[in-house]
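Quick note: numbers below take in every heavy atom, side chains included, and nothing from hydrogens, waters or symmetry partners. Residue numbers begin at 1 in each chain, while the letters A, B, ... track the order of the sequences.
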Protein chains: 2
Amino acid sequence: MNNYSNALREHHLKATPQRLEIANALAYYGHISIDNLYEIMLKKFNSISLATIYKNINIMLENSFIQEVKIPHEKSVYELSKEAHSHLVCNECGEIEDISIDLSQVSNAAATNTHFKIDKIDLVFSGLCQKCQTL
Amino acid sequence: MNNYSNALREHHLKATPQRLEIANALAYYGHISIDNLYEIMLKKFNSISLATIYKNINIMLENSFIQEVKIPHEKSVYELSKEAHSHLVCNECGEIEDISIDLSQVSNAAATNTHFKIDKIDLVFSGLCQKCQTL
DNA sequence: TGAATATTTACAAAAAATTGGTATTATTAT
DNA sequence: ATAATAATACCAATTTTTTGTAAATATTCA
């Protein structure tokens, strides 16, 4: 199990036990909503409050330690920052999967068409995962 | 100016004056947040309530008359349903632009890599629009 | 290692966002 | 036009998120 103390400090965040646990939860589950995170955190810190969750999620976002993933029709989930990647969501079971796809073609197409200077791409595929297709 | 009475009815929505005005606002502005929509609606219906806005947005979403667009770091905006397209957001001025790009390559890549059956793609480019690059 | 300081936490409360209940009014189909 | 149905405004309730603060904790630096 990873120790995120240094990673947190590199993002100018104090390494508190609560934050370490948030990092562990994100690492373990990959993507997690505020509600789920609160439930998980309660198991380790039985007096933790939602306000603490929100404050930490928000400051972690500001400092780019984590990223928000906006899923269609769902509440946002959060993930540890890593290399750029896209997401797939199963409309049946809700599973979220990471995927790395080369987006230079679409990025260039968008840039030349609109003259935007593009520096970030949020891409979410929705559909059915392999398991849910066969059920 | 378009009359959306029939379009609403085709989506099994009664064509009330409030709904027609929402449709007009979405058509005129392209993308609108709940707050902005409420402000706009207040000009025509000085006793309209936010609850009415929410109820209509929700039922219009359910009936696919409109679509939600989730913008990074921003509140959702809504748009009239139309052909599939992607979005560009300017991080400076907030402008949201539609763009049609062929996504069959990335869609195929994602499908073959993950064995998902993909039926929807949400793609948002963030960056700077042409105007804001030169400021 | 320990004291000083700066930040974080839990808790309470407030604020903001969204949803629910109902009498009245408007829309639709006949 | 009328009856049946659904939407609206209004108000209240709920849910979600943020804020303020004293106490507790982590970090810094000697």
Side-chain angles (χ1 to χ4, degrees), chain A residues 3-26 32-66 68-78, chain B residues 3-26 32-66 68-78:
Chain A
N3 182 303
Y4 288 97
S5 298
N6 289 329
L8 282 165
R9 280 189 274 264
E10 284 164 14
H11 289 268
H12 308 104
L13 296 164
K14 282 195 176 181
T16 67
Q18 290 85 345
R19 287 176 184 171
L20 290 169
E21 188 57 25
I22 289 176
N24 284 330
L26 293 179
I32 206 165
S33 68
I34 293 281
D35 287 348
N36 290 160
L37 182 57
Y38 182 45
E39 286 177 33
I40 292 160
M41 295 293 287
L42 274 175
K43 291 174 187 167
K44 299 249 180 177
F45 306 91
N46 59 8
S47 65
I48 201 172
S49 70
L50 251 183
T52 298
I53 306 288
Y54 276 108
K55 280 175 182 167
N56 279 320
I57 287 293
N58 284 333
I59 197 170
M60 286 171 159
L61 278 173
E62 284 166 22
N63 294 15
S64 298
F65 180 73
I66 65 173
E68 182 176 17
V69 185
K70 296 196 166 196
I71 306 293
H73 315 121
E74 300 291 336
K75 298 210 171 165
S76 289
V77 295
Y78 302 88
Chain B
N3 181 304
Y4 288 96
S5 297
N6 289 329
L8 282 165
R9 280 190 275 262
E10 284 164 15
H11 289 267
H12 309 104
L13 297 163
K14 282 195 177 182
T16 67
Q18 290 86 344
R19 288 177 181 171
L20 290 169
E21 187 56 25
I22 289 176
N24 284 330
L26 292 179
I32 293 191
S33 68
I34 294 282
D35 288 348
N36 289 160
L37 182 57
Y38 183 44
E39 286 177 33
I40 292 160
M41 295 294 288
L42 274 175
K43 292 173 186 165
K44 300 247 179 174
F45 306 89
N46 58 8
S47 65
I48 200 172
S49 71
L50 252 182
T52 298
I53 305 288
Y54 276 106
K55 283 171 185 167
N56 278 319
I57 288 293
N58 284 334
I59 198 171
M60 285 172 161
L61 279 172
E62 284 166 23
N63 295 14
S64 299
F65 181 72
I66 66 174
E68 182 174 18
V69 185
K70 295 197 166 194
I71 305 294
H73 314 120
E74 300 291 335
K75 298 208 172 171
S76 289
V77 294
Y78 302 88

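When atom types are taken as modelled, the side chain of B:N63 and the backbone of B:H11 share a donor-acceptor pair closer than 3.5 angstrom. Of the possible donor and acceptor atoms, one in the side chain of A:R19 sits under 3.5 Å from a partner among the backbone N and O of A:K14. For B:K70 (side chain) and A:I71 (main-chain N/O), a donor-acceptor pair under 3.5 Å exists by modelled atom type.
If you measure from atom CE of A:M41 to atom C1' of C:dT8, you get 12 Å, rounded to the nearest angstrom. For the pair A:I34 CD1 and C:dA17 C1', the interatomic distance rounds to 15 Å; values are reported in whole Å. For the pair A:K44 NZ and C:dA10 P, the interatomic distance rounds to 15 Å; values are reported in whole Å. One interatomic measurement links the two molecules: CZ of B:F45 to P of D:dC10, which rounds to 13 Å at whole-angstrom precision. Between the C1' atom of D:dA6 and the CD1 atom of B:I59 lies a distance of 9 Å, rounded to the nearest Å. Nucleotide C:dT8 holds its P atom 13 Å from the CG atom of A:L20, rounded to whole Å. When rounded to the nearest whole Å, the span between CG of A:N6 and P of D:dA26 equals 16 Å. D:dA7 atom P lies 15 Å from atom NE2 of B:H11, rounded to whole Å.
The closest side-chain heavy-atom distance from A:I66 to A:I22 is not below 4.5 Å. Side-chain contact between B:L13 and B:M60 is present, with at least one heavy-atom pair separated by less than 4.5 Å.
Residue-level contact check: B:T16 touches the backbone only, with heavy atoms under 4.0 Å from sugar-phosphate atoms and none from bases. B:T52 comes within 4.0 angstrom of a base, heavy atoms only. Residue contacts shown for A:I48 are limited to sugar-phosphate atoms, with no base heavy atom under 4.0 Å away.
Between the side chains of A:D35 and A:S33, no donor N or O sits under 3.5 Å from an acceptor N or O.
Sequence order on DNA chain C of the closest nucleotides to B:D35 and B:S5 puts B:D35 first from the 5' end. Heavy-atom nearest nucleotides on DNA chain D were determined for B:K14 and for B:S47, and the one closer to the 5' end corresponds to B:K14. Both B:P17 and A:K75 lie close to DNA chain D; mapped to their nearest nucleotides by heavy-atom distance, the more 5′-ward contact belongs to B:P17.
Residues B:E68 and B:L61 share a closest heavy-atom pair of N-CD2, 3.5 Å.
Counting only heavy atoms from C-beta on, A:A15 has its side chain closest to D:dT27 among C:dA16, C:dA26, D:dT27.
Between C:dA10 and A:N46, no contact under 4.0 Å exists linking OP1 or OP2 to a side-chain N or O. Look at B:Q18 and you'll find a side-chain N or O under 4.0 angstrom from OP1 or OP2 of D:dA9.
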**Message:** At under 4.0 Å between heavy atoms, how does the protein contact nucleotides 18-23 of chain D? Give one character per nucleotide, 5' to 3', with B, S or -.
**Reply:** BBBB--
